[in-house]
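Below you'll find the structure, written out as structure tokens, and then a few comments.
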Amino acid sequence: MPSPMVVPEQVGDLDAVKLEETLMETWKEENTFQQQVDSRRSGKPFIFLEGPPTANGKPGIHHVVARTYKDLVCRWKAMEGFLVERKGGWDTHGLPVEIEVQKRLNLMSNQDIVEFGMEAFNDECRNSVWTYEDAWRKMTERMAFWVDLDEPYITLHDDYIESCWWALSEMFNKKLLFRGYKVLPFCPQTGTSYSTHEVALGYKEVEEPSVYIKFKLKDEDASILAWTTTPWTLPGNVGLAVGPDVDYIRVRINSEPEGWDGRGGASTGEELILAKDLFKEVIRHHCDVISEMKGSELLGMSYEPLFPDAVDKGDSSTAWTILEADWVTTSDGTGVVHTAVMYGEDDYNLGMEVGLPAEHTVGMDGNFLTGVHPELDGRYVKDCDEAIIDLLAASGQLYREKMYVHDYPHCWRTGHPLLYYAMDSWFVQMTAVKDKLLEFNDQIEWAPENIGTGRFGEWLRNVKDWAISRERFWGTPLPVWICVDCGHQHCIGSKDELQKMMTSDSMMPRELHRPYVDEVRLNCPECGENMQREQFVMDCWFDSGCASFAQWHHPFDGGDAFEAAFPVDYICEGVDQTRGWFYTLLAVSTTVFDQLCYKRCLSLGLILDKEGKKMSKSKGNVVDPWDHFNREGADASRWYMVSAGAPWSPLKFDPSGVRETYARFFLTLWNVYRFHADYAALDKFDPTASKMDERSLLDRWILSRTNGVANQFHELLVGWDIHKAARLLEDFVVDDLSNWYVRRSRRRLWDENESSDKASCQHTLHEVLTIISRLVAPISPFMVDSIHRNLHGTSVHLADWPVNDSGSELPPRDMVLEARMDLVRQLAEMGRRIRVEAKRRQRLPCAEGWVVGGPDLTQMHDLLAEELNVETISIEEDLDRFQRVELQPNRKALGRKARQDLPAVLEALAALADHEVALNDIKSGRMTISGYLIEEEDVEVRRVERPGYSAMTIEIAENELSTDVSLVLDMSIDDALLSKGLAREIIRRIQSQRKEMDLDMEASIKLEVWLGEECPELVEYDWAHLRNETRASHATLHVGEGPSDAIFFDVDGANISFKIN
RNA sequence: GGGCCCGUGGCUUAGCCUGGUUAGAGCACCCGACUGAUAAUCGGGAGGUCACCGGUUCAAAUCCGGUCGGGCCCA
């Protein structure tokens, strides 16, 4: 790790917010982001594609989460040496933008917009898109998402639109684009169709007439019964759908019913067909069942049209026949579904499948078309329910009418019921490339995997043709022109082409938006007549689906930028984008390039509030990211979000979790750093000059652990287990580095003289902090940059990733040492527990301790002795001096052997009187229980301390075998120990007094101590130690009671007092 | 209605793929210790029908089926 000589500066208390804000300035001045990109120019590219947000909404915490995952992968890859360019993007078209403007300007209908002026309206839309751009910029900068917002791609730019046009023309040329119908909820009053989101706004419970209609079969003396809640669709009826496996019955009316409500009825002898399960609910007459049949037996039968003049049969062979549909159920109705092709989605799909005539009986104004029926022509459909029922009753085709209560969607603006209506629409024939989509999907690395196989794969297996046109104003105009004379269709793929084909009296549009583009006419290449544009805009998902190439203005501009950046390596968005952006990217790349679009996709879970509820403005549970940016900082916010759970799990955002992350991880790391930096500054530590002989065991241990953690961290990132990586590193910093290494090393740096040991500690901290800084940097980029700059003089974001194939960046690994240190730490914990159980004060030393069993820890005995306040630690080999043997059953082994007899065997084992003898029997193969030979592998041997000893035993794994290690402490007390303990008690009190007096760490004091009569003797050696520890330049020791202004306390009943000057 | 994900002490979670000691941790709480060691640390305590029901098995938090609840996407 070569670096110029940099002497760290002293650092003060942590003020995370100030630190981050200062660094933001530094990054801006240095242009650190650009430096990071530029420094990797020679590297292999790693392509990231930013999913463009819409700036007409305020950024929320969920955007911060998504941007954190985008950012951390990019930063990590850049540190690994890849060239990672990050172009920002803005999504600027679409219905939400229009609705926002419509609400503001109170424009209720498409007609209102036209009257307001399309040009003015689109200007409003264009402006509204940037309402929150500044908020987005500020958030992006504050959270340290490094992305180029100065040259972003913007979907409303002509260049971007031109690329979209090109893509669509490619599809057109491949004959993948066609005009058809799409059934949508439609409001005739406003002239608008609605998205599901808008439909959800307007559900109302209504009571409406529903009718059972008799459809007279042509070749049978019987009628088939169907049911509908929308009588106005009946003139459009062209088919009846039955379930092929549903049971139907044919019944004959044999007598009148007892009572009858409303119109309709049937005469004796009439025969009716309907689903068997619904017979009782529907039929009011007394009947004889004539026969039963499956739906499949009814298929193909013809029936008389209800309104013979309403629809022209054309060349359809299936009109007015019985058809098969697997979605027919017997949950309500008659098990026979009336099918009006233009007024229901299922109806339309079925109609296209079997070739029913697709003809409207209703106009866009919601009124019946002329020629449907003299009584209905020109009337608003919802006003015709009564008239239609009367007509059917009069012709004997009505069986029953019944009022029906249900939730039905209404226009959220006008309150009128929406009509499901087949709208003119342009489609991309995705069904033609389904196999390709599935093939490419298999090549994408999904995180989590189940998105690819599950949600996304499922969607692709059921792929439908993509309706890409919208009858709207603000969007990429559909570049399809149709000849007014011969009907020839042409799709424009560039501005040049537009210019070449336009009529001499047309002007090049000032921008590629409505209304300018609408005015352009083309010369028809077939007949020479004028061509007119189809007045649609495109689905805004088409825009963003083109992002991978349109961001470079491919194929018109950008040179090799596109070729080098396709397919992209990494995209990352919320799971709600599965059928959105994830799909449209693949849909476009498959149809245009016959390639996949992205190689890796991280699909993020939803952000919920801490109760697991969705965050929404109305619930008031939305978390404002700035609350945390301004309190715990962006580092802690980012780290919390990443470590709280797997990226793809829903994140319950708990504000106190951010606090906890700050206190536990960042504050700890800061204090470790401060500990190093302060002494390094004091000692003018030079990391380039080695003044140490050999690293201590403790140093080699933490370096080895650092190596292990770094490698593991890296592997976890590779496997997308980012949360596990973060937790690993956090635990390492808190437990290993701070609570063990630094705690055990404090005294080493207190030494004011130059020493090899001190140098070794400083070099070690320098190295470990460097590696940690670099590992943390992608996830939380601020504090570690401050650390890295102070240690090296350079930004951590320009540094190399510490883990690489050669492993050269990392200190050596020593597994044996790690295992032993781990054991020592366990022994230290055991020792503290032993003391608590034996009620022995921590400050009263023990004369001796023994380690029994396990590996040779001689080198660490001093460390352990200091930790446990024990005079000497030694090895004892005679286990039996402290312990006895106890056998525990190995259920896994015994279960395999004894199976159902296991309980009996366990009972017998538990009842063994002498485990020592039993163990010997087992070893020599002489132990049989219930006929099963008990072998060594069937039991686990435990060593339990004999009563009367203060000892504990743990089991450790060594060389794949388990062995027991015990710690035993000598609990006896003598004068020497009492003196030492007393000294420690006094030192502790004086130190805390010094702290209270806010004395400088180096300040000397004058000290007077009075020991009461009952006090144990304080020997000179311990007194000297006391003076030294408390920095007492002058000290006097008295026997007796101290003056009233001294500080008094007592130890085991002895009075002690002291005074500091 | 279909698809996918989730359900473990008050909260956040590990473990589940590959069944086997007393379900492990952190926060919060209580008791104690320790501290020139930071908003720290250590020991102990209390707190769990592992959503529910059934199945497989000698043995289920773990595997299978179902139910309920939550969430998302699509109808």
Side-chain angles (χ1 to χ4, degrees), chain A residues 13-14 196 327 329 331 345-346 448 450-451 453-459 461-462 464 574-580 583 603 605-606 608 610-614 640 643-646 648-654 656-657 659-664 666-672 674-675 723-724 727 730-731 734-735 738-740 742-743 746-747 750 828-837 839-843 867 869 888-906 940 942 955 984 987-988 990-996 998-1003 1029-1031:
Chain A
D13 285 337
L14 176 61
T196 45
W327 38 260
T329 64
S331 55
E345 189 170 7
D346 284 338
N450 64 52
I451 295 287
T453 52
R455 190 180 275 205
F456 197 63
E458 206 58 45
W459 168 254
R461 276 185 283 281
N462 298 312
K464 304 251 165 61
V575 67
D576 51 321
Q577 294 295 327
T578 307
R579 281 146 162 123
Y583 172 64
S603 163
L606 221 80
L608 308 168
K610 66 173 190 220
E611 257 119 53
K613 298 211 177 66
K614 200 175 173 174
Y640 165 71
S643 61
W648 43 84
S649 317
L651 167 63
K652 288 191 204 170
F653 195 98
D654 182 1
S656 63
R659 189 108 196 116
E660 206 180 297
T661 296
Y662 173 76
R664 178 176 149 82
F666 287 96
L667 207 52
T668 305
L669 179 59
W670 181 259
N671 282 306
V672 169
R674 176 151 90 156
F675 173 69
H723 58 304
K724 291 184 183 170
R727 289 170 183 177
E730 184 174 327
D731 288 345
V734 173
D735 293 337
S738 176
N739 284 337
W740 191 252
V742 170
R743 186 158 61 82
R746 271 182 191 277
R747 286 184 171 273
W750 291 349
E829 275 183 34
M830 279 161 59
R832 285 190 286 266
R833 212 175 314 161
I834 291 168
R835 277 178 172 276
V836 169
E837 278 176 20
K839 297 201 189 332
R840 180 149 179 139
R841 290 197 329 268
Q842 208 66 232
R843 282 184 290 266
E867 184 71 16
N869 195 14
Q888 293 278 333
N890 179 342
R891 281 158 205 266
K892 192 167 189 169
L894 283 169
R896 211 177 290 127
K897 184 178 285 181
R899 307 192 75 80
Q900 61 271 36
D901 294 331
L902 183 64
V905 174
L906 292 177
E940 287 174 32
R942 291 276 174 86
E955 185 188 344
R984 281 193 68 159
I987 291 169
R988 146 112 217 303
I990 294 170
Q991 301 290 41
S992 86
Q993 187 60 33
R994 280 183 62 119
K995 201 173 181 179
E996 216 159 281
D998 212 13
L999 289 182
D1000 201 66
M1001 244 159 58
E1002 272 96 62
E1029 283 287 299
T1030 59
R1031 292 183 166 269

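When reading the values below, keep in mind they use all heavy atoms of this one structure, side chains included, and skip hydrogens, waters and symmetry mates. The chains referred to below are lettered A, B, ... by the order of the sequence lines, with proteins before strands, and numbering in each begins at 1.
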Quiz item: Expressed in whole Å, how much space separates the C1' atoms belonging to B/U18 and B/G32?
Solution: 43 Å
Exercise. Using the C1' atom on both, measure B/G47 against B/U8 and round to a whole Å.
Key: 14 Å
Quiz item: Which base, if any, makes a Watson-Crick or G-U wobble pair with B/G1, both distances under 3.5 Å?
Solution: B/C74
Self-check item: Heavy-atom donor-acceptor pair, A/Thr668 side chain to A/Arg664 backbone, under 3.5 Å
Solution: yes
Quiz item: Would A/Glu730 and A/Phe666 satisfy side chain to side chain contact (heavy atoms under 4.5 Å, CB included), going step by step from the backbone distance to the final call?
Solution: CA-CA 9 Å; A/Glu730 184 174 327; A/Phe666 287 96; over 6 Å; no
Exercise. Please report, rounded to the nearest Å, how far the C1' atom of B/C6 is from the CG atom of A/Leu651.
Key: 14 Å
Quiz prompt | Any side-chain heavy-atom pair of A/Gln577 and A/Tyr583 under 4.5 Å | solution = no
Exercise. Could you please name the option among B/G3, B/U38, B/C74 that lies closest to any side-chain atom of A/Asn671?
Key: B/U38
Quiz prompt | Pairing partner of B/C42 (Watson-Crick or G-U wobble, both distances under 3.5 Å) | solution = B/G32
Quiz prompt | Residue closer to the 5' end of RNA chain B, A/Val742 versus A/Arg984 (nearest nucleotide) | solution = A/Arg984
Quiz item: Say you pick atom C1' in B/A28 and the same atom in B/C74; how far apart are they, in whole Å?
Solution: 41 Å
Self-check item: Any N/O donor-acceptor pair, A/Arg455 side-chain to B/C72 base, under 3.5 Å
Solution: yes
Self-check item: P spacing across the pair B/U41 / B/G55, given as an integer number of angstrom
Solution: 47 Å
Quiz item: Using a cut-off of 4.0 Å on non-hydrogen atoms, how would the nucleic acid contact of A/Lys724 be classed: base, sugar-phosphate, or nothing?
Solution: sugar-phosphate
Quiz item: Expressed in whole Å, how much space separates the P atoms belonging to B/C42 and B/C52?
Solution: 34 Å
Quiz item: To the nearest angstrom, how far is A/Asp346 atom CG from B/G1 atom P?
Solution: 15 Å
Quiz item: Given B/U38, B/C58, B/C72, which nucleotide is nearest the side-chain atoms of A/Val575?
Solution: B/C72
Quiz item: How close or far is atom C1' of B/C4 from atom CG of A/Asp576, stated in whole angstroms?
Solution: 14 Å
Quiz item: Any donor-acceptor pair under 3.5 Å between the side chain of A/Arg659 and the base of B/A39?
Solution: yes
Quiz item: Using atom C1' of each nucleotide, how far apart are B/G19 and B/G9 to the nearest Å?
Solution: 24 Å
Quiz prompt | Atom pair distance, as rounded to whole Å: CZ in A/Arg727 and C1' in B/G15 | solution = 12 Å
Practice problem: Could you check how far CG of A/Asn739 sits from C1' of B/C34, rounded to whole Å? | Solution: 13 Å
Quiz item: Considering all heavy atoms of both residues, which atom of A/Trp648 and which atom of A/Ser603 are nearest to each other, and what is their separation?
Solution: CB-O, 3.4 Å
Exercise. Could you check if a side-chain atom of A/Thr578 sits within less than 4.5 angstrom of a side-chain atom of A/Trp459, using non-hydrogen atoms only?
Key: no
Quiz item: At under 4.0 Å between heavy atoms, what does A/Arg461 touch on the DNA or RNA strands: base, sugar-phosphate, or nothing?
Solution: nothing
Quiz item: For atom P, what is the distance between B/C64 and B/U56, given to the nearest Å?
Solution: 16 Å
Quiz item: Taking atom P in both B/U22 and B/C5, what distance in whole Å separates the two?
Solution: 33 Å
Quiz prompt | B/A25 pairs with, by Watson-Crick or G-U criteria that keep both distances under 3.5 Å | solution = B/U12
Practice problem: Scan A/Arg674 against the nucleic acid and name what it touches under 4.0 Å (heavy atoms): base, sugar-phosphate only, or nothing. | Solution: nothing
Quiz item: What do you reckon, are the aromatic ring centroids of A/Tyr640 and A/Phe653 less than 6.0 Å apart?
Solution: yes
Practice problem: Give the rounded distance in Å between these two atoms: OH of A/Tyr640 and P of B/U12. | Solution: 9 Å
Exercise. Could you tell me whether the side chain of A/Arg674 and the main chain of A/Leu14 form a donor-acceptor pair under 3.5 Å?
Key: no
Self-check item: Interatomic distance, A/Lys652 NZ vs B/G70 C1' [rounded to whole Å]
Solution: 9 Å
Self-check item: Evaluation steps, side chain to side chain contact (heavy atoms under 4.5 Å, CB included), between A/Val905 and A/Lys897
Solution: CA-CA 10 Å; A/Val905 174; A/Lys897 184 178 285 181; over 6 Å; no
Quiz prompt | Residue whose nearest RNA chain B nucleotide is more 5′ - A/Gly645 or A/Tyr662 | solution = A/Gly645
Please enumerate all protein N or O atoms sitting under 3.5 Å from an N or O of nucleotides 24-26 of chain B, with distances to 0.1 Å.
from, atom 1, to, atom 2, distance (Å)
B/G26, O2', A/Glu660, OE2, 3.2

Practice problem: May I ask you to say what A/Ser738 touches in the nucleic acid, namely base, sugar-phosphate or nothing, with a heavy-atom cut-off under 4.0 Å? | Solution: base
Practice problem: Return the value, rounded to whole Å, for the distance between atom CZ of A/Phe675 and atom P of B/U41. | Solution: 17 Å
Practice problem: Quick one: label A/Ala828 by what it contacts on the DNA or RNA (base, sugar-phosphate, nothing), any heavy atom closer than 4.0 Å. | Solution: nothing
Exercise. State, yes or no, whether a side-chain contact exists between A/Trp740 and A/Glu867 at a heavy-atom distance under 4.5 Å.
Key: yes
